[in-house]
Amino acid sequence: MEANLIKNILYAGIVGDALGVPVEFKKRDTYYLDSMISGGTWEQEAGSWSDDTSFTLPLVESLTEKSDYEALMQKFENYMFHNEYTPKGVAFGIGATCAKAVRNWSINHYPALECGDPSEYANGNGALMRLAPLAIYLQKESSLEKRLELTKNYTSLTHRHPRAIMGSYIYLEILHGLLNDKALSEVLSELPKQLEHALQNKPGEWSEFIYYKDIFTPGFKNVSRDNIKSTGYDVDTLLACVWSVLNSNSIDEAILLAVNLGEDTDTVASITGTLSSCVYQKQQVDPKWVAQLQNKELIDSIIDPFVKKNSDRKF
Ligand SMILES: [Mg+2]
């Protein structure tokens, strides 16, 4: 993969997060957003990014270092309790399931892979939102079994219910197909059979596929906006993101479509940014938005070594 492409994928996710922060929790069509603004529930300055990015950056760092799951949980703790990986030295907006997982690790001393909540009520998008770097890391991994195993493990750090794990499988496998030069339509038509086959001995996981099946239905693009939910529920989020990409012709357009759906705007726009930047690999997310990101020095200091390690370009 080209260095520029990797960097653009990560930036697009962060830009989506930052665009969404000032309108997070707002009801659909009570606002229209097409630029970086300040304010919102968290009273942030324009360009401020949230937990989505603050959980993604430790994963970027961990994959660069090839450190283990325990070391990654330590980085999550450093974010949540010590405000590292933040735009202005203050952690904000951490979801309940992620917070519980970090507490399980730092206070209750659970093993990393058992920190995630396994209950059905813990199927928020908190794992999905941070996994883009894993797709980049696994771009050349040809074993589907191996990819699914790592996806499950990295999800389980915070989310252990099979529905959240299935959501991560679908998201990461869509990214994997796109990063290996398949068209989105091709990936969507092939993936259900591939997953069904790969999970034939894991019926508990495969049975969750049905919650996401609309993504793979021909005509999903034409589902009306009124029937697309954009809540923090893993299923709603992934459907909203794929729908936003299917109904756009550029990265920027997809992100704006997503951020204007309301509710969990930062995460939906962030994942849409990632997905669309993998679909439109020749495009760049608006450089004006990238330049407006807060604490870009920190972002680059973490992203650049990862880009260097994972790109084809020799430095
Ligand atoms: Mg957030």
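As the structure lists them, so they are numbered: ligands from 1, and atoms in each ligand from 1. These numbers come from a predicted model, not from an experiment. Below, each value reflects all heavy atoms present in this structure, side chains not excepted, and no hydrogens, waters or symmetry copies.
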State which residues pass ring pair (Phe, Tyr, Trp, His ring centres under 6.0 Å) with Tyr233; sequence neighbours excluded, sorted by chain then number.
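Once residues adjacent in sequence are excluded, Tyr233 has no partner under the ring pair (Phe, Tyr, Trp, His ring centres under 6.0 Å) criterion.
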
Lys229 with Glu263: basic N within carboxylate O range, under 4.0 Å
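Glu263 and Lys229: not salt-bridged.
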
Could you go step by step and tell me if Met36 and Val15 meet the side chain to side chain contact (heavy atoms under 4.5 Å, CB included) rule?
CA-CA 9 Å; Met36 293 273 183; Val15 160; 4.1 Å; yes

Please check: side-chain N/O of Trp49 versus main-chain N/O of Pro87, any donor-acceptor pairing under 3.5 Å?
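No, Trp49 side chain to Pro87 backbone: no donor-acceptor pair under 3.5 Å.
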
Could you give me a count of protein N/O/S atoms that are under 2.8 Å from the Mg ion (ligand 1)?
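N, O or S atoms of the protein closer than 2.8 Å: 4.
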
Co-members of Val90 in a cluster of I, L, V, M, F, W and Y side chains, linked at under 4.5 Å:
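Same cluster as Val90: nobody, lone residue.
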
Applying salt bridge (charged side-chain N to carboxylate O under 4.0 Å, His left out), can you list everything that pairs with Lys221, at least two apart in sequence or on another chain?
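Residues passing salt bridge (charged side-chain N to carboxylate O under 4.0 Å, His left out) with Lys221: none at all.
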
